[in-house]
Amino acid sequence: MKLHIVYDEIHRLHADPSGRHPSDPWRLERALSALKASRVWELAELHRAPAPSDEALLLAHEPEYLRMLEEESRHGFHYIDRDTYITEHSLTAGKAFASATLQAVQSSLESREPWFVMPRPGGHHAGRKGWAMGAPTLGFCLVNYAGIAAKAFLRRGLRVLALDFDAHHGNGTQDILWQDARAVHIDIHEDGIYPGSGEVGDWGGEGAEGTKVNVPLPPFSGDREMRWAVRNVVEPIIEAFRPEAFVISAGFDAFVGDPLTHMRATESSFELFGELLRPFVGSRPLVIVLEGGYGQGLQKGLAAFFESLMGLREGGEGEEREPPHGRDVRELLARFWGIG
Ligand SMILES: [Zn+2]
């Protein structure tokens, strides 16, 4: 079993020349070096991104949003909101990684081998028309690759589970999948930080009620709360929903010490996510997209996740702790899923 990894130096063209923005090219270099240092590297097959494509991007985004990005690209490096910059090459890179995401979907459908797409610019905060679910900014993101992968699986008639364990709410992905009952989106995130969305009561649009499952965790949550979410939310939903394809928004900013969050997850949490998905490696298409991570999570959390996913590392048992919103989440599962 191989792990296919998309890495392409085109991502370096998306950079703030001051070097002070958290979405800096060093993030991908650090993540790639962690993979190279890991045992998982023996299973890795590296791919470059294919040619940029509008078509791939338009699976998840409205044409008017693409036109806006094209217009902004003409002006060279600048900020399009107070968090998010664009350069003359950012959109080209984004379209190339959008194409790579489609290639990952197609290849994983054929081989059932997992694909890991490492894109820049991100990611999961970009909604259908850009700014999503009341978020004040695009949160460093221009193109939603997880949304593209989910839409590509849906287009083939498959039931999709999109799981987002980045510490920020994946408001863009949720916006893109809001109306689709065949796409379950489970998002585990820190409560009260950017983008401010992701309440338990946001459970999906008309006809898709209960398919969007938000699990907000209080600041300073760690492995015990993550384990509660996996055991009591993600696993029962997988059992009830029986997904035919998986899209994972793999962010590593819930790792303790991350400068952008207050979470305290350790390698144990990311081993658990790997272990959760391991039974589907080889049996279901699985596309993993790198989202955030601005500290050592990009190395330790990422290596723990992939080694566990590929069966090279065992996660141990651990304690669970139900978070304050746990009861609301359990009520949602009982109401819409008959779980509990
Ligand atoms: Zn994040």
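Both ligands and their constituent atoms are indexed starting at 1 by order of listing. We number each residue from 1, following the sequence as shown. Computation of the quantities below employed the complete heavy-atom set of this structure, encompassing side-chain atoms and omitting hydrogens, waters and symmetry-equivalent molecules. What you see is a predicted model, and the numbers here were worked out from it, not measured in a lab.
The name of the N, O or S atom in Asp166 nearest to the Zn ion (ligand 1) is OD1. When distances from the Zn ion (ligand 1) to the N, O or S atoms of Asp253 are compared, OD2 comes out shortest. The atom name of the N/O/S atom in His168 closest to the Zn ion (ligand 1) is ND1.
Ion pair Arg128/Glu64 not flagged as a salt bridge, since none of the NZ, NE, NH1 or NH2 atoms sits closer than 4.0 Å to an Asp/Glu carboxylate oxygen. The pair Arg12-Glu29 meets the salt-bridge criterion, with a side-chain N (NZ, NE, NH1 or NH2) lying under 4.0 Å from an Asp/Glu carboxylate O.
The heavy-atom pair separating Ala60 from Ile176 by the smallest distance is O-CG1, 3.5 Å.
Checked by atom type, the side-chain pair Ser73/Glu88 shows no donor-acceptor distance below 3.5 Å.
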